[in-house]
Q: 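Questions regarding the structure given below will be posed in turn.
When reading the values below, keep in mind they use all heavy atoms of this one structure, side chains included, and skip hydrogens, waters and symmetry mates.
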Amino acid sequence: MLNTVKRYSNSFSFTGFEANALPYDYTASIECLETPLKPLHGGGIILNPELNMGLKGWQAFGDAKIEQRELAGNKFVAVHARNRPTDSISQKLYLQQETLYSFSAWIQVSEGNEAVAAVFKSGTGFKHGGAVVAESKCWSMLKGGFTSDATGPAELYFESKNTSIEIWVDSISLQPFTTEEWASHQDQNIKKVRKAKVRIQAIDKQGNPLSNATITIQQNKPGFPIGCAINKNILTNTPYQKWFTSRFTVTTFEDEMKWYSTEVSPGHEDYTSADALLSFAKQHNIAVRGHNVLWDDPKYQPGWLYSLSPAELSNAVHKRIVSVMSRYKGQLIAWDVVNENLHFSFFESKLGDQATPNFYRLAHAVDWSVPLFLNEYNTIEDSRDGAATPAKYLQKLRQIQGLTRNAKMGIGLESHFGTPNLAYMRASLDTLGATGLPIWLTELDVLSGPNQAKYLEQILMEAYSHPKVDGIVIWAAWKPQGCYRMCLTDNNFNSLATGTVVDNLLRQWRSRAVSGLTDTRGFFEATLFHGDYEINITHPSSSAHSFVVISTNASLQSPLTFQVSVL
């Protein structure tokens, strides 16, 4: 029997960790501050990062004029007289091939709020290091990164489309990391945030410790949710069912819950396929994410929606939100309420700028029990997409929260990758993670190509090891004619290279069966991945006992201790 369970939960700040390699600084700020913080990594390879040595190391880029200024004791560089978006300041650098660079800077503009981006120009082209929506009268942190594909000279500069504004820059940092150092950050983080030390003490009925008791620990379920999308093909395909249920703990329905699937003609709702998939998931103890309530892309609407007047569309949307969310309330772990709202505006164009916040307000009224996600692509995949940068995502999130203050919100990152930019991905997760909201990679796949499996492994490692990521769903629902962009198996459910990557990582991120004897004080200690475990205890003086330990999924600096009475 289980007598007592003591859980120790200490706060942990992810601002870099001690390792043999140079630590990475996970710090990110999403607040607009009166004074910029110190540059990360002491500025790294940037010369004069705090502008305390005048303009040493910096020069005008294009036709801009630059000058050092000082406010409240803080020195910075101001760029004015800009005629082109790229007119700014620059610093010449020397980059190393296959090196990952973490970049950050603090930006202010002279008036309003404007997107400002950092760009690195080299002999092989341009690398977009990241962007921020900068404000006047306070400083905003831009955090990004890139991987250099060649050794040689390069030049950092900033750009903003609005040439009438001044750009102010301070606390600039560019820190290089080798691939080995980058991997060491991942390994260290997995140990810190995905594993915990467990201590079990066996005692007799008088409370005396039992030495030489045999302890066996078997993991039943991993604590970190990793899943894969499914579709209705799984309902009638036994090999598909066996392959899926033996691997994953969470799923999303590829199409079956979307509006164009459930209401092909107005007023005639059909949830048959979604109901059947949900029943299948429940039968196998698979958690389900609701996907999606609304999709802002005009291409993916029920056909009858296009001819509606604004008033009719508003009524139809209201009915849709209430219908699907009330039907599945209490049966899902999350909702993707609006899909791809940063790239498309089908509903806003007809119902006004406050359409999306209003959708979330209604969604919260219908189902307040689970997080409501804003689901978007290219926020961590592509630094060149100015429409969906972390800053733009946060801007939309604040707009929604302004009207839905009590709603549980979540950050949904579709994660449709080409060639991954791991430094940018990590920096973007840092920035989004500063919200404290749950973050999921919701539709992870990689474009087909010779490096597809390699890239998938890199992305999965980066996501799983990041302290702010709460779950991953792979977008590889099987269809006989092929998957959306990436399959994990062939049509006989034999693993492809991508599937082998997933299988290997799933094994790597599970605890193997552990057994041993308690010491003279009755203790047995093990380090385990977060998850649900069955623990068996035997001792010559008594019969066998077993119990289940449910994961706390928390980062623990002290052992999770269980005291077990063996009668």
Q: Which heavy-atom pair separates A476 from C483 by the least distance, and what is that distance?
A: O-SG, 4.2 Å
Q: Describe, in one word, how the ring planes of Y300 and W295 are oriented to each other, choosing from parallel (under 30°), tilted (30 to 60°) and perpendicular (over 60°).
A: parallel
Q: Under 6.0 Å from the ring centre and within 45 degrees of the ring axis: does the NZ or CZ of K127 meet both conditions for the six-membered ring of F146?
A: no
Q: Please work out whether the ring planes of W243 and Y240 are parallel, tilted or perpendicular, with thresholds of 30° and 60°.
A: tilted
Q: Got a donor-acceptor contact below 3.5 angstrom from the S415 side chain to the L413 backbone?
A: yes
Q: Report yes if the side chains of L374 and I400 come closer than 4.5 Å at any heavy-atom pair, otherwise no.
A: yes
Q: Could you check K319 against E263 for salt bridge (charged side-chain N to carboxylate O under 4.0 Å, His left out), going step by step and ending with a plain yes or no?
A: CA-CA 11 Å; K319 181 174 176 289; E263 195 174 359; 3.7 Å; yes
Q: Are the side chain of R426 and the backbone of E462 linked by a donor-acceptor contact shorter than 3.5 Å?
A: no
Q: Would you please indicate yes or no on a ring centroid separation below 6.0 angstrom for H291 and W475?
A: yes
Q: Check whether the ring centres of Y455 and F417 lie less than 6.0 Å apart, and answer yes or no.
A: no
Q: Inspect the contact between E269 and R327 and indicate whether a charged nitrogen and a carboxylate oxygen are less than 4.0 angstrom apart.
A: no
Q: In terms of side-chain heavy atoms, does W478 have a donor or acceptor partner in N491 at a distance below 3.5 Å?
A: yes
Q: Quick one: does any side-chain atom of T379 pair with a main-chain N or O of A388 as donor and acceptor, under 3.5 Å?
A: yes
Q: Is there a donor-acceptor contact under 3.5 Å linking the side chains of N233 and N231?
A: yes
Q: Strictly distance-based, threshold 3.5 Å: is any side-chain N or O of Y360 a donor or acceptor partner for the main-chain N or O of F373?
A: yes
Q: For W509 and F529, I'd like to know if the aromatic rings sit close, meaning centre-to-centre distance below 6.0 Å.
A: no
Q: Would you say the side-chain atoms of N451 pair up with the backbone N or O of K454, donor to acceptor, closer than 3.5 Å?
A: no
Q: Once the angle between the rings of H343 and Y377 is folded into 0 to 90°, is it parallel (under 30°), tilted (30 to 60°) or perpendicular (over 60°)?
A: parallel
Q: Do the rings of Y24 and Y26 sit parallel, tilted or perpendicular, given the 30° and 60° boundaries?
A: perpendicular
Q: Can a donor-acceptor pair be found between the side chains of Q395 and K392 at a distance below 3.5 Å?
A: no
Q: Charged N to carboxylate O under 4.0 angstrom, R485 versus E443?
A: no
Q: Should the pair K408 and W335 be classed as cation-pi, given the thresholds of under 6.0 Å to the six-membered ring centre and 45° from the axis?
A: no
Q: Would you say that V293 contacts V338 through its side chain, given a criterion of any heavy-atom pair below 4.5 Å between the two side chains?
A: no
Q: For K468, is there an ion pair with D430 - N to carboxylate O distance below 4.0 angstrom?
A: no
Q: Kindly say whether D297 contributes a backbone atom to a donor-acceptor pair with the side chain of Q301 at under 3.5 angstrom?
A: yes
